[in-house]
4 protein chains.
Amino acid sequence: MAVNTRERVRQAAVKLFATKGFHGTGIRDLAQEAELSSASLYHYMGTKEDLLVAIMNESLRRLLDAAEQATAGLADPVSRLGSLVALHVLAHAIQPEDTRVVDNEVHALTPAARDGVVALRDAYERLWADAIEDGVAAGVFHTDQPSVTRLALVEMCSGVARWYSPRGPLGLDQLASHYAELALRALGCTRPLGSAHLQNCREVVSGVWRVPV
Amino acid sequence: MAVNTRERVRQAAVKLFATKGFHGTGIRDLAQEAELSSASLYHYMGTKEDLLVAIMNESLRRLLDAAEQATAGLADPVSRLGSLVALHVLAHAIQPEDTRVVDNEVHALTPAARDGVVALRDAYERLWADAIEDGVAAGVFHTDQPSVTRLALVEMCSGVARWYSPRGPLGLDQLASHYAELALRALGCTRPLGSAHLQNCREVVSGVWRVPV
Amino acid sequence: MAVNTRERVRQAAVKLFATKGFHGTGIRDLAQEAELSSASLYHYMGTKEDLLVAIMNESLRRLLDAAEQATAGLADPVSRLGSLVALHVLAHAIQPEDTRVVDNEVHALTPAARDGVVALRDAYERLWADAIEDGVAAGVFHTDQPSVTRLALVEMCSGVARWYSPRGPLGLDQLASHYAELALRALGCTRPLGSAHLQNCREVVSGVWRVPV
Amino acid sequence: MAVNTRERVRQAAVKLFATKGFHGTGIRDLAQEAELSSASLYHYMGTKEDLLVAIMNESLRRLLDAAEQATAGLADPVSRLGSLVALHVLAHAIQPEDTRVVDNEVHALTPAARDGVVALRDAYERLWADAIEDGVAAGVFHTDQPSVTRLALVEMCSGVARWYSPRGPLGLDQLASHYAELALRALGCTRPLGSAHLQNCREVVSGVWRVPV
DNA sequence: CATGAATGAGTATTCATTCAT
DNA sequence: GATGAATGAATACTCATTCAT
């Protein structure tokens, strides 16, 4: 019971923080969404900011874990970067609210909390940076500003959380492979992402977020 | 004098809305930033939301005007899309705060105000969509999901407002041409944006935002 | 407990609205009078205007109920009008604050709320109008402007709330019968109100306002 | 010019204080109604309360003057009381806003200012009290509570300001003589007010308020 | 004469949070 | 577990008033 309630609170918070922003969400909004009194809410959370920090850390932790799983054992930079893109896109497509909270509400964090979030984010982006740098070194990627390119590609993929709808005509597979193609092309690479890698990403996502994908 | 004060209020609002969000910015924060008492603030604005609406509409209006100027008379889809990318990137690099407000605070708008903002945004994206569709029809761009591609590219370029610093090593020219290259490559086009078009974009930006670029 | 507190808030509001007017009464005055913090006040009320509306509707509702009870079954216009006068005067003498709020603060109401109050008021005055018209038709009252006369008499009786003090020399019985005499005389009727009817009014008042009279 | 403007400010204040109450009327409302900037307002008045005090004192002063003129030289209590009633009613019918301010906004006065207003009011009511007491002594009026009766009659007549409209079917003459009849009847006196006295009241009112009546 | 600018104190209302029950 | 009650501090915004120009 308690576990479920705690989860309901978390989901209410994710939904509202994503929709109205952290500062735009009142504790009473949260209570209503979670179908609890506002006093009861405090059995399942610390402060409002604790809730935000937990959401952000968990979301980023999962993304990082998933990215590590998806690229574990991949030597080829094209496969690695393509997998990172596909995974990122899939994650943002199936968890758009969590993602938007992570992307948009950093400013609401206390400096201390922000440091932890930024550290996770940096670790995650390191995976992208390594893949790109390795690809450039291997001559399969072509860019004279690898960092700028990395930032551009990550932002491109994160944007998915702002518009993708599972009820639209575009399937997750198409979406992910389309983005992988865009990214690899932008890196000057014509080879597409192998469908085995895409399939692998789906499985990782499915496991990490415990959702059928 | 009054004109200057009004402008100071606007700039304070842009800075704080971009940094702390609309709901995270108090009227007292605004007053302090504008070096006014909070009561005096109300000589220069309507409500806090009026200020937000004005900022958003002006910013989008300028972006749309600039985009129309930059592409006016360009028949070639490659030049048009490249110019849109360069212009978008330049605008986001020199006005990152305005831009972040427009991108992140739509949720804080009243439905009525939101409609106006969305209409401007749609008009702007129409320019991108036309350029991409024309390029595909002309066989110079290759994508089987033009709308998705458009969204991906716009998001990629908007991301600039979140990390670019004019004090960093990367110049505006390099930035813009790099993004134009990424975008054109992603569209399966190897031809780069001509430097004359880039120069034209700089001039348009310089005129519309009245800033030397 | 909660019920008592709610009632305490209501009484504080009645007292202050009557004494200083609705707009002259601050939420802090209310809180102080009710011995609550101003934030706590909002557990027991909606807005300040909600409080005013509730006070007005309840007061008028009671007056209307009492008037209907006091005249129920009375066929004789002299008894009916005399009873209405006595009842009105008694109500205004024992509830002067509620009454003054109803009489003086209509201008502070939102149009929507005003409509409801005016409807109750009209229903109440209808009772007076009927009694007067019936008396004129029966030849026991003499006035060629029944509506004007009704307004004059109601205002005359309402005035009691502005000056009567239970600590003064005049008892409630004397007060009520004196006004009944004034009213009946003004209507050209020499027959006084029977003491049984006066007694009946006292009982109705006592029941409706739950106060020994 | 200045004199006219000052008068315009006074009239704006009377209108708004009567309609929305003193505390419900803002200095900006006043400025708008007087077609002046709120700063300019202060050339023509002291504080907002000064304006209220002036309005009240002038209104009461005029009423007192008029009452003294109307009854000067009248020995007969019936004529005196009838004239007071007629005059009061006429004054309230043609100056309903001034009157409502006087009647309803006493609570908004500082104690010091209130004393002056109450003194004028007492002097005025003294005229009524004398006429009633003289009539009782002379055996033409019959009431065992002269003070209560006086209060009742004054309130009855003041009520006119709350409902009378010059655009309605009832003329001023009819109104005044109807009220005189009601009052005299209530005092147990069957003799009506002579039409010469009514005419005299009209002339006094016309002179004191400088309005054709 | 007139007013734009300015403000300290005030407005009603909501905030996140605690705690006794 | 759950919540009604409670509140100090904050919210956006308005007040009556002054004053330099």
Side-chain angles (χ1 to χ4, degrees), chain A residues 1-2 4-6 22-31 34-52, chain B residues 1-6 9 22-31 34-52, chain C residues 1-6 9 22-31 34-52, chain D residues 1-2 4-6 22-31 34-52:
Chain A
M1 281 305 130
N4 283 342
T5 304
R6 197 174 298 268
F22 177 75
H23 288 304
T25 301
I27 224 77
R28 281 159 174 82
D29 299 325
L30 228 49
E35 295 177 290
L36 243 48
S37 75
S38 62
S40 297
L41 218 52
Y42 283 86
H43 272 274
Y44 300 99
M45 54 175 246
T47 66
K48 202 175 79 156
E49 210 212 343
D50 291 341
L51 200 50
L52 176 63
Chain B
M1 281 303 129
V3 170
N4 284 342
T5 304
R6 200 173 296 267
V9 168
F22 177 75
H23 288 304
T25 301
I27 225 73
R28 285 158 172 82
D29 301 324
L30 227 50
E35 295 177 292
L36 242 46
S37 74
S38 63
S40 297
L41 218 49
Y42 284 86
H43 266 274
Y44 300 99
M45 55 176 242
T47 65
K48 201 176 75 153
E49 210 211 343
D50 289 341
L51 203 48
L52 177 63
Chain C
M1 281 305 130
V3 171
N4 285 341
T5 304
R6 200 174 296 267
V9 169
F22 177 75
H23 288 304
T25 301
I27 225 75
R28 285 157 171 83
D29 300 324
L30 227 51
E35 294 177 291
L36 243 45
S37 74
S38 63
S40 297
L41 219 50
Y42 283 85
H43 266 274
Y44 299 100
M45 55 175 242
T47 66
K48 202 177 74 156
E49 210 210 343
D50 290 341
L51 203 48
L52 177 63
Chain D
M1 280 303 129
N4 284 343
T5 304
R6 197 174 298 266
F22 177 75
H23 288 304
T25 301
I27 224 76
R28 280 159 174 81
D29 299 324
L30 229 48
E35 295 177 291
L36 243 48
S37 75
S38 61
S40 297
L41 219 50
Y42 283 85
H43 272 273
Y44 300 100
M45 54 175 247
T47 66
K48 202 175 77 154
E49 211 212 343
D50 291 341
L51 200 50
L52 176 63

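Values in this document were obtained by computation on a predicted structure and should not be read as measured data. To find a chain, count down the sequence lines: A is the first, B the second, and so on, and within it residues start at 1.
One interatomic measurement links the two molecules: CG of Asn4(A) to C1' of dG1(F), which rounds to 15 Å at whole-angstrom precision. We find that OH of Tyr44(D) is positioned 12 Å from C1' of dT3(E), with the value rounded to whole Å. Nucleotide dA5(E) holds its P atom 13 Å from the CG atom of Leu41(B), rounded to whole Å. If you take CD of Glu49(A) and P of dC15(E), they are 18 Å apart, rounded to a whole angstrom. Put simply, CG on Asp50(C) is 12 Å from C1' on dT13(E), counting in whole angstrom units. Atom NE2 in His43(C) sits about 12 Å away from atom C1' in dC15(E), given to the nearest Å. At whole-Å resolution of the value, OH in Tyr42(C) and C1' in dT13(E) are 5 Å apart. In this structure, CE of Met45(D) is placed 15 Å from P of dA2(E), rounded to the nearest angstrom.
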Would you be so kind as to tabulate the donor-acceptor pairs closer than 3.5 Å made by side chains of residues 24-31 of chain C, with sequence neighbours excluded?
{"unit_1": "Thr25(C)", "atom_1": "OG1", "unit_2": "Leu16(C)", "atom_2": "O", "d": "3.2"}
{"unit_1": "Thr25(C)", "atom_1": "OG1", "unit_2": "Gly21(C)", "atom_2": "O", "d": "2.7"}
{"unit_1": "Asp29(C)", "atom_1": "OD2", "unit_2": "Lys20(C)", "atom_2": "NZ", "d": "3.4"}
{"unit_1": "Asp29(C)", "atom_1": "OD2", "unit_2": "Gly26(C)", "atom_2": "N", "d": "2.8"}

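Taking every heavy atom of both residues into account, His23(D) and Lys48(D) meet most closely at CA-NZ, 4.4 Å. Residues Thr47(A) and Asp50(A) share a closest heavy-atom pair of N-OD2, 2.9 Å. When all heavy atoms are compared, the tightest approach of His43(C) to Arg6(C) is O-NH2, 4.1 Å.
Closest-nucleotide positions on DNA chain F for Ser40(C) and Ala39(D) were compared, and the one nearer the 5' end corresponds to Ser40(C). Residue whose closest nucleotide on DNA chain E sits further toward the 5' end, between Thr47(C) and Gly46(A): Thr47(C). Checking Phe22(D) against Lys48(B), the closest nucleotide of DNA chain F that is more toward the 5' end is the one next to Lys48(B).
The stretch residues 23-31 of chain B comes close to DNA chain F through Thr25(B), Gly26(B), Ile27(B), Arg28(B), each having a heavy atom under 4.0 Å from the strand.
Applying the side chain to side chain donor-acceptor pair (under 3.5 Å) rule to Glu35(D) yields no partners; only residues at least two apart in sequence or on another chain are considered.
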Which is it for Phe22(C) and Glu49(C) under the side chain to side chain contact (heavy atoms under 4.5 Å, CB included) test, yes or no, and what are the steps along the way?
CA-CA 9 Å; Phe22(C) 177 75; Glu49(C) 210 210 343; 4.3 Å; yes
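Rounded to the nearest 0.5 angstrom, Leu36(D) CG and Tyr42(D) OH are separated by 12.0 Å.
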Its dot-bracket string being built from Watson-Crick and G-U pairs below 3.5 Å, with | for another strand and [ ] for crossing, DNA chain E has the pattern .||||||||||||||||||||
